[in-house]
Amino acid sequence: MTPPALGVGTVYIPGLEPLFQAGGDLIDVVEVEPQLFREGGGRYRLHQASFAMAAALGKPFLIHGVGFPVGGTVRPGEQDLAPYVEAVVRSGSPWASEHLSFNELPGRGSAAGRFGGFLLPPIQSPRAVSVAAANIRAVKDLLPVPFAFETGVNYLRPQRGEMRDGEFFAAVAQEADCGILLDLHNLLCNQRNGRQAVLDAVGELPLERVWEVHLAGGAMTDGLWLDSHSGAPPEEVYELAEQVLPALPNLGAVIFEVMPEHIARGRFTPAEGVEQLHRVRELWDRARAARDGAPQPARERITVSGGPPGQAPATTLPDPAAWEALLGELVIGGAGSAFGTTPVTEAAAALSQDRSLPVIRRIVASFRSVLVVERLPLTFRLIMFAGGEEGFRAMMGAFWAGYPPRRFASEELDDFLAFVRTQDASPHLGEVAAYEVAAARVRATGVAESVVFSCEPTALLAALSEFREPAFAGPGEYEVTVVP
């Protein structure tokens, strides 16, 4: 495939509108992560309001999935992928992409299909190559456009006998006959955390298959460099891009990634975002000029020095499903799981001692806590009035113990609502949570919903909105209708 040269872009996630307003003509293309929610009957649907807001930006689209990665043994079904395919068709995206990771855990009985809470790395073995390639071919059969996988971040130390990062990515792309979304910051994370050097990994790729490049920022946490999308890319990312981009003969887009919460909290300003877009534009222009003036084969532009130092000869690696079950248990906890006993192999022993596991667990916990704080602010304030920070932590701990992570925010919020209805931390806590969850659902569907209160709701909600402890006046039965 020779993709169209779309140019410079950034991701669109609700909350990034200030960046788009400031960026203006610097943005050629918008990469949309389809916002999904689960409706009755277990079906996923597009979050119509978010999709409409992205369309209103008036830019060409690229669709980049985040919910159903293609690197695991639990393959999403056609019904699960239907909204993703719908987004590709409606947007006119010239290609579509997803992560070469897994987030669904294999299991037996009621444990089958548990969500892992995070985009986790597959074991890099020939058998895992075949699994990923089969998944990608299945997705390609559903799409009207070509497909590319994103080169994933991997915080784990390399296992003895694993394929090198670049070797693994290359094998998947060749066997699946697909494109590559090269995330340079992901590869920099891998390098800084003890995996293959970025240029060595890139040098092993079939560079003609790289259609898109991602640039992002990160942060150091507990000795690991994390792919946090928290602001400006490190200078090293730009230096790598300077070397790599001219070597990509079929590059169609370079995308700058940042999460909206960093703008909302003032950690990264729209003006700083504009500065990054200018730098990405310069990279794009120089890379195109270099390719136009120097048509030598791309692979000659990158030097490969081999795998990570100290890599041992090949040894027996876990079956991909066994690896996924073990890693999932280590991340979200094995209590109550029905995966059975994973054999204690060399790989399992090494994985259980990996320094990144506590960090990954905290990331999953942080995602779940932040979701409640940001999506249910009135509920959070009521919990804080009742028990303070210690009470909130205790409540979240009890919630996590009884409810595993869920794939999408709407599912996580529905579970939290079910949980708080069993708590007596504060009068009317369940009613306030029901109101906020209904409001989120109405924003997604455009369909009005009603919520019942056992006290006068206006004063209650107004007090919480103004950070005042409510008095719970006016007992009775009241109904509030939440409208779009």
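Atom CD of E78 is surrounded by 12 or fewer heavy atoms from other residues, nucleotides or ligands within 6.0 Å. Environment of CG in D25: sparse, with no more than 12 heavy atoms of neighbouring residues, nucleotides or ligands closer than 6.0 Å.
Taking CD1 from I13 and CE from M53, the interatomic distance works out to 12.0 Å, rounded to the nearest 0.5 Å. The distance from atom CD1 of I360 to atom CG of L224, rounded to the nearest 0.5 Å, is 8.0 Å. Atom CG of N135 is separated from atom CG of L100 by 9.5 Å, given to the nearest 0.5 angstrom. Separation of atoms NZ (K140) and CG (L142) is listed at 12.0 Å; rounding is to 0.5 Å. With values rounded to the nearest 0.5 angstrom, L283 atom CG is found 13.5 Å from H278 atom NE2. The SG atom of C178 sits 6.5 Å away from atom CZ of R209, with the distance rounded to the nearest 0.5 Å.
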What do the steps show when you test V30 against F20 for side-chain contact (heavy atoms from CB on, under 4.5 Å), and what is the final call? CA-CA 10 Å; V30 178; F20 282 88; 3.6 Å; yes
Would R279 and E275 count as a salt bridge (Lys or Arg N to Asp or Glu O under 4.0 Å) here? Give the steps. CA-CA 6 Å; R279 295 192 67 177; E275 180 182 346; 5.7 Å; no
Mind running side-chain contact (heavy atoms from CB on, under 4.5 Å) on M396 and F416 for me, showing each step along the way? CA-CA 9 Å; M396 293 308 297; F416 189 71; 3.8 Å; yes
Step-by-step ring pair (Phe, Tyr, Trp, His ring centres under 6.0 Å) determination, H99 to H64: CA-CA 9 Å; H99 294 78; H64 180 53; 4.8 Å; yes
Please lay out, stage by stage, how V11 and F256 fare under the test side-chain contact (heavy atoms from CB on, under 4.5 Å). CA-CA 7 Å; V11 293; F256 168 61; over 6 Å; no
Using the salt bridge (Lys or Arg N to Asp or Glu O under 4.0 Å) rule, take R267 and E261 through it: C-alpha gap first, then chi angles, then the decisive distance, then the call. CA-CA 8 Å; R267 298 172 181 167; E261 56 262 31; over 6 Å; no
Test side-chain contact (heavy atoms from CB on, under 4.5 Å) on F118 and S101; report intermediate values, then the result. CA-CA 9 Å; F118 197 60; S101 310; over 6 Å; no
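Taking the side chain as every heavy atom from C-beta outward, L248 and W211 never approach each other to under 4.5 Å. Residues V213 and W284 are not in side-chain contact: their nearest non-hydrogen atoms beyond the backbone lie 4.5 Å or more apart. By the 4.5 Å heavy-atom criterion applied to side chains, Y155 and D227 are counted as neighbours. Within the 4.5 Å cutoff, the side chain of V202 has no heavy atoms near those of the L240 side chain. With contacts defined as side-chain heavy-atom distances shorter than 4.5 Å, the pair M163/P126 qualifies. Counting heavy atoms from C-beta on, the side chains of P94 and P3 never come closer than 4.5 Å. Looking at heavy atoms from C-beta onward, L19 lies in side-chain contact with I263 at the 4.5 angstrom threshold. Put simply, the side chain of V29 does not reach to within 4.5 Å of the side chain of V8, judged on heavy atoms.
The nearest pair of heavy atoms linking G23 to L277 is CA-CD1, 4.2 Å. Residues L351 and L357 share a closest heavy-atom pair of O-CD1, 3.0 Å. Minimum heavy-atom separation, C189 to V153: CB-CG2, 3.6 Å. Heavy-atom minimum distance, G15 versus P18: O-CD, 3.5 Å. Taking each heavy atom of P484 and G446 in turn, the nearest pair found is CG-O, 3.0 Å. When every heavy atom of V442 is checked against every heavy atom of V483, the shortest pair comes out as CG1-C, 3.6 Å.
No close placement of the F115 and F408 rings is indicated, their centers lying 6.0 Å or farther apart. Taking the six-membered ring for Trp and the full ring otherwise, F61 and F51 have centroids separated by under 6.0 Å.
No hydrogens or angles considered: nothing links the side chains of E98 and Y84 as a donor-acceptor pair under 3.5 Å. Defined by atom type and a distance below 3.5 Å, a donor-acceptor pair is present between the side-chain atoms of N103 and R407. Side-chain contact annotation: E150 with S97, donor-acceptor N/O pair under 3.5 Å absent. Between the side chains of H214 and E212, at least one donor-acceptor pair of N or O atoms lies under 3.5 Å. No hydrogens or angles considered: a donor-acceptor pair under 3.5 Å links the side chains of W225 and H185. There is no side-chain donor-acceptor pair under 3.5 Å between Y238 and E282. Side-chain contact of E204 with Q196: a donor-acceptor pair under 3.5 Å is present, judged by distance alone.
Side chain of N250 to main chain of E208: a donor-acceptor pair is present (N/O by atom type, distance under 3.5 Å, no hydrogens or angles). In this structure a side-chain-to-backbone donor-acceptor pair under 3.5 Å is present from R127 to L317. In this structure, E162 contributes its side chain and Q159 its backbone to a donor-acceptor pair below 3.5 Å. Of the possible polar contacts, none joining the D80 side chain to the P76 backbone as a donor-acceptor pair under 3.5 Å is found. At distances below 3.5 Å, at least one donor-acceptor pair connects side-chain atoms of S125 with backbone N or O atoms of A128. Remark: the backbone N or O of M395 is not paired with any side-chain donor or acceptor of W400 at under 3.5 angstrom. For the pair E412 (side chain) and R406 (backbone), a donor-acceptor distance under 3.5 Å is present. Here the side chain of R114 pairs no donor or acceptor atom with the backbone of P405 at under 3.5 angstrom. Using modelled atom types, one side-chain atom of N190 and one backbone atom of N154 make a donor-acceptor pair closer than 3.5 Å. With R45 contributing its side chain and T445 its backbone, the two residues share no donor-acceptor pair below 3.5 Å.
A salt bridge is defined here as a Lys NZ or Arg NE, NH1 or NH2 lying under 4.0 Å from an Asp or Glu carboxylate O, and R281 with D28 meets this definition. A salt bridge does not link D200 to R164: none of the charged side-chain nitrogens sits closer than 4.0 Å to a carboxylate oxygen. Electrostatic pairing of R157 and D354 does not count as a salt bridge here, judged by no charged N lying under 4.0 Å from a carboxylate O. Using a cutoff of 4.0 Å between basic side-chain nitrogens and carboxylate oxygens, R441 and E449 are scored as salt-bridged. By the 4.0 Å N-to-carboxylate-O rule, E374 lies close enough to R265 to be salt-bridged with it. A salt bridge is absent between R137 and D177: the closest approach of a Lys/Arg side-chain nitrogen to an acidic carboxylate oxygen does not fall below 4.0 angstrom. Note on R393 versus E389: salt bridge recorded, some NZ/NE/NH1/NH2 to OD/OE distance being below 4.0 Å.
Taking the six-membered ring where tryptophan is involved, the planes of Y403 and F419 are perpendicular, since the angle between them exceeds 60° and thus also 30°.
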